[in-house]
Amino acid sequence: MRTSQFPLNTVKETPADAEIASHKLMIRAGLIRKIAAGIYTWLPLGLRVLRKVEYITREEMNKAGALEVLMPALQPAELWQETGRWEKYGPELARMQDRHAREFCLGPTHEEIITDLARNELKSYKQLPITYYQIQTKFRDEIRPRFGVMRSREFVMKDAYSFHLNQESLQQTYDVMYQAYTNIFNRFGLKFRAVIADSGAIGGAVSHEFHVLADSGEDAIAFSDSSHYAANVEKAEALAPQGERPQPTQAFTLVETPNQHSIDEISRFFNVRAEQCLKTLIVRGEDNSLVALLLRGDHELNPIKAEKIPGIVAPLQFASDEEIIAACGCKPGSLGPIGLNMPIIADRGTVLMADFICGANQDGKHYSGTNWLRDIPLPAQIADLRLVVEGDVSPDGNGKITIARGIEVGHIFQLGDKYSAAMNAAIINEAGKNQIMLMGCYGIGISRVVAAAIEQGHDERGIIWPNELAPFQVAICPMNMHKSDRLLETVERIYHELLDAGFDVLLDDRKVRAGFMFSDMELIGIPHRIVIGDRGLDSGTVEYQGRTDRESQEIPFSEIVNFLK
Ligand code: ATP
Ligand code: MG
Ligand code: MG
Ligand code: MG
């Protein structure tokens with residue numbers, strides 16, 4: 001491409017609503033433009049990156065044996081009523097009516113549509129296991145769309161769904177997807193961690209999130225690279241007082257306390273003042289389960305939560321398990337969703353609202369949560385209370401804990417029969433009987449990956465793309481090309497050599513000063529820059545400089561292709 005035919009839409013100003021680096025840089029570099037809150041147009045330069053994210057994702061999904069489909073964005077209410085989510089999903093679901101007053105939604109996710117497809121198309125156990133996927137636009141009426149395409153209302157997601165005869169097969173595919181995700185994020189060239197997660201509003205028992213590491217990330221994650229331990233210390237966003245970013249976690253020492261604790265006791269134990277809002281604790285329960293807690297002093301409730309449930313400053317009493325399940329969408333003793341990202345624990349007839357929590361034991365299957373409401377004792381299953389934080393020994397004893405911030409870019413779940421049972425998605429099994437299928441689902445936030453890559457790779461001059469995601473890998477900046485035929489010829493020759501070698505090359509053929517070209521190429525984050533000038537013609541060399549190099553180096557014309565490979 002030539003800049004004469006591929007205009008760069010770089011701008012100096014950043015919009016007032018751009019709080020984080022990636023949002024500012026995506027506007028300044030001319031990747032996206034805002035249309036309305038949480039709604040963006042992708043400009044040609046940005047779309048090239050988005051397509052590369054899609055391309056790598058698609059290739060790895062195909063390799064993993066998943067079959068691509070394309071499902072509609074517009075979904076009929078009837079399917080959502082079958083699973084009960086029409087009522088449960090809340091205001092994030094973008095609902096609408098057609099001209100006949102029939103109800104529809106713009107899909108935030110596609111479990112209902114794919115389960116409908118599966119119950120109609122799959123007949124026999126011989127067709128299982130099967131995994132479908134799509135790369136498609138999703139709609140979520142986020143309460144606070146922000147950070148550009150990081151949390152937008154319309155975004156591109158890769159979502160996959162698998163169908164199984166039994167748990168063993170579901171686990172197998174889950175493992176295949178886990179590996180495919182690892183390959184995908186490695187190919188993106190991003191630093192990431194997979195962590196055990198709660199399963200949010202989608203439900204199900206086993207789930208991992210994939211986080212790109214970046215200081216601006218909304219989630220705190222705890223992991224140890226030398227052990228298998230990794231967990232999401234969830235939902236700092238929901239906890240932080242409006243407008244305030246969570247503070248980094250402090251280092252604590254290992255402490256044990258007696259069996260029952262109130263928040264005041266815990267505050268005393270860990271010397272956490274009530275005003276200090278966010279503290280990360282990970283505690284080990286009697287059954288060896290781990291529970292990660294964000295300990296919060298003030299107990300002020302997030303408006304999102306308060307809107308949903310009146311009277312949540314006190315535990316809710318329920319007479320039966322059925323009542324708990326109906327009210328909370330989760331089983332007693334487990335984490336479950338109420339509305340947005342709100343884990344709760346239902347325990348011994350009492351539901352405790354959790355400000356945050358998720359946890360898992362060493363085989364990753366058990367979840368637990370609790371809330372630190374004043375004067376409410378800790379659930380008895382949390383026995384000796386230990387803090388395992390930054391720098392400490394990991395709960396399995398095999399490494400040291402790191403606590404970092406992450407951006408959730410992928411999420412995989414074992415859904416079990418949550419949707420297939422509700423929608424009666426059955427096949428004929430080996431015994432000739434009808435059997436409800438088990439399901440898994442697997443998402444990647446394609447648009448969010450672009451923003452996350454910039455959060456991880458930028459400096460004061462602009463974006464620093466990893467090679468695989470860069471809109472162009474090589475920029476050619478000729479010096480006064482228009483004044484010299486000899487230079488023009490050489491520039492064209494090198495440009496075509498690089499194209500033939502498979503590079504995405506941007507030739508800057510604008511009649512502008514060198515400094516202007518350089519700052520544009522740095523802002524848009526091209527990893528490799530080649531400067532060709534009259535002086536180089538005499539010595540037969542170009543001036544090469546990598547985006548993060550401090551100095552340029554001279555490379556002979558004949559070696560430049562191999563040098564870049
Ligand atoms: P979050 O916790 O950030 O709200 P989520 O858990 O609601 O995300 P999932 O339902 O797990 O999201 O969807 C799969 C992926 O889609 C997420 O891992 C994330 O990368 C992406 N995603 C979710 N919501 C948005 C959004 N509003 N804008 C951009 N990407 C999103
Ligand atoms: Mg999430
Ligand atoms: Mg969400
Ligand atoms: Mg998620």
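Numbering starts at 1 and runs along the sequence shown. When a ligand or atom number is given, it counts from 1 through the structure's own listing order. These numbers come from a predicted model, not from an experiment.
- In this structure, Phe210 has its ring center under 6.0 Å from that of Tyr178.
- Ligand 1 is never approached by Ser447 to a heavy-atom distance shorter than 4.0 Å.
- Residue-to-ligand polar distances keep Glu218 apart from ligand 1: every N/O pair is separated by 3.5 Å or more.
- The atoms of ligand 1 that sit less than 4.0 Å from any heavy atom of Ser152 are 26 (C), 27 (N), 28 (N).
- Between Glu455 and Arg405 there is no salt bridge, since no side-chain N of the basic residue sits under 4.0 Å from a carboxylate O of the acidic one.
- Only backbone heavy atoms of Val149 (N, CA, C or O) come within less than 4.0 Å of ligand 1; its side chain stays farther off.
- Shortest distance from the Mg ion (ligand 4) to His411 is reached at ND1 (N/O/S atoms only).
- Put simply, the side chain of Glu112 never gets that close to the backbone of Leu79: no donor and acceptor are under 3.5 Å apart.
- Because the distance cut-off is set at 2.8 Å, Glu408 qualifies as a neighbour of the Mg ion (ligand 4) through one of its N, O or S atoms.
- Figure legend: cation-pi geometry between Arg48 and Phe472, with NZ or CZ positioned under 6.0 Å from the six-membered ring centre and within 45° of its axis.
- Closest to atom 30 (N) of ligand 1 by heavy atom, among Phe139, Phe155, Phe147, is Phe155.
- For the side-chain contact (heavy atoms from CB on, under 4.5 Å) test with Ile524, the passing option among Asn9, Ile463, Leu45 is Leu45; the others fail.
- A side-chain contact (heavy atoms from CB on, under 4.5 Å) with Met26 is found for exactly one of Ile454, Val49, Thr14, namely Ile454.
- Using bins of under 30°, 30° to 60° and over 60° for the plane-to-plane angle, the ring pair Tyr132/Phe163 lands in the perpendicular bin.
- Nearest-heavy-atom check against atom 23 (C) of ligand 1 across Arg140, Met150, Arg146 picks out Arg140.
- Taking the ring axis of Trp42 as reference, the NZ or CZ atom of Arg51 does not stay both within 45° of it and closer than 6.0 Å to the ring centre.
- Residue-level proximity to ligand 1 for Arg151 is carried by backbone and side chain together, each with a heavy atom below 4.0 angstrom.
- Short contacts between ligand 1 and Glu142, defined as distances under 4.0 Å to a heavy atom of the residue, involve ligand atoms 24 (N), 26 (C), 27 (N).
- Every heavy atom of Thr109 sits 4.0 Å or more from the atoms of ligand 1.
- With a 4.0 Å heavy-atom cut-off, ligand 1 is reached by no atom of Lys138.
- Both the backbone and the side chain of Glu408 come within contact range of ligand 1, each with a heavy atom under 4.0 Å.
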